[in-house]
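Following: one structure in structure tokens, then a few remarks.
Side chains are part of it too, since the values below use all heavy atoms of this structure and drop only hydrogens, waters and symmetry mates. Heads up: numbering here begins at 1 and tracks the sequence. Counting starts at 1 for both ligands and their atoms, in listed order.
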Amino acid sequence: MSSKFSAVEVIASKRDRNELTDEQIKWTIAEYTNGNIADEQMSALLMAILLNGMNMREISTWTNAMIASGERMNWQKLSRPTVDKHSTGGVGDKITLPLAPLVAACGVAIPQLSGRGLGHTGGTLDKMESIPGWRASLSNDEMLKVLQDCGAVICAAGSGLAPADKKLYALRDVTGTVPAIPLIASSIMSKKIAEGTGALVLDVKTGNGAFMDQPEKARELAKTMVQIGKSAGLKISALVTAMDVPLGKKIGNALEVEESIEVLSGGGPADVVELTLVLADEMLKLANVKPKLSPESALKNGQAMDVWRKMVSAQGGDLNQQLPKSKHQMQILAKESGKLLSMNALSVGVASWLLGAGRAKQGEKVQAAAGIEIHAKPGEAITKGAPLFTLHTDEAERFERAQAQLDKAVEIGSEKSEPSVKRLPLVIDRIES
Ligand code: URA
């Protein structure tokens, strides 16, 4: 091992609330990626960072060191500007699926390198893989070809992109060190900067179903990421958006593809359509593209759907085949009449995960058809005995635990009553560089 520093010295320095030097940070990331710093030492350092924080210089250096651990892509061969969108994750957040083809239909290239779900939040790749034949892994040349031919590509990040983050993320996941702003910001931004996009819109979720349940914390995360992106020369902005209630009415892999197709067909739930259009406008603004056709019209007239079909089939997906259907379904009925006051996103996300839509450990298989259909959203009137949820799974023994989560997910009151926790507006804040 290089003797420039020792891991213990770096850990102790952060434990004692000191700033790490640029040299210490670069050394730590390089040595950890190369296997010269042990997981238990890195775990201690991550916990010290979670507890004692990092300043902006430390976060930038940490991010740049993670970028430098792997390859950096570039899209200079493309004739269009590139823009990407990244969400910090939530329940029912399928926005990438309609958004990428929509913005591509408006004249911008979307290189959307996406991830898999872990815990109660879903992952774009798991959703797309429920389409028969669709392939997530592409070589860099294949990625460029799909982008050139279709205007958008949704695929897995290759193993060469920010390998330091892959190791660190897996370690954070098992050491309780995920929810730290310096670590989340550097993890997301290292991948996005290495991906080579010219512009980036961040959708930072807040509310019970998000990493950052308090809007103030979400704002701080958004500001940190915008600052990192700006220093790296990216055009960047962030929206802080609500994740106190699930997005849309379908949660789960194939179910979310189904709902995305509804949106691309000009229908779909109002909140999914609204957020898709707000993010599309933001992406076009950053790319400095004034489309001949508004995003709203491109959804209605089928142009976004044409890009979606082309993009899916370019990766082997067959949209003429039926999406997978679950072996078992069960309905949960309203226990009383009144107004549905709230629906806890976290409980619905956990229930969907318990039904088999998500994984507990990296690498586990997910059920394509598992998930939840929501029949009423907060604000709507409901009648005792009417269906509130339909649960889907291939293993009926999963119903019981999912039902227990959903029983505590909803609050029903009289027409005039208010939810015990005030609902968040869909778009809470906008942060730009
Ligand atoms: N998504 C990431 O890529 N990294 C994090 O740390 C959290 C969410």
I'd like to check the side-chain contact (heavy atoms from CB on, under 4.5 Å) partners of P81; sequence neighbours left out, ordered by chain and number.
A287, V289
Could I get the full list of salt bridge (charged side-chain N to carboxylate O under 4.0 Å, His left out) partners for K94, not counting sequence neighbours?
E259
Which heavy atom of V307 sits nearest a heavy atom of C150, and at what distance?
CG1-O, 3.3 Å
Tell me if a side-chain donor or acceptor on E256 pairs with a main-chain N or O of G252 at a distance below 3.5 Å.
yes
Please identify each residue that fulfils side-chain contact (heavy atoms from CB on, under 4.5 Å) with T88, with sequence neighbours left out.
I188, V204, K205, L221, M225
Regarding K217 and the six-membered ring of F211, is the cationic atom NZ or CZ under 6.0 Å from the ring centre and inside 45° of its axis?
no
Would you please write out the protein residues whose heavy atoms approach any atom of ligand 1 to under 4.0 angstrom, listed by chain and number?
Y169, R172, I184, S187, I188, K191, F211
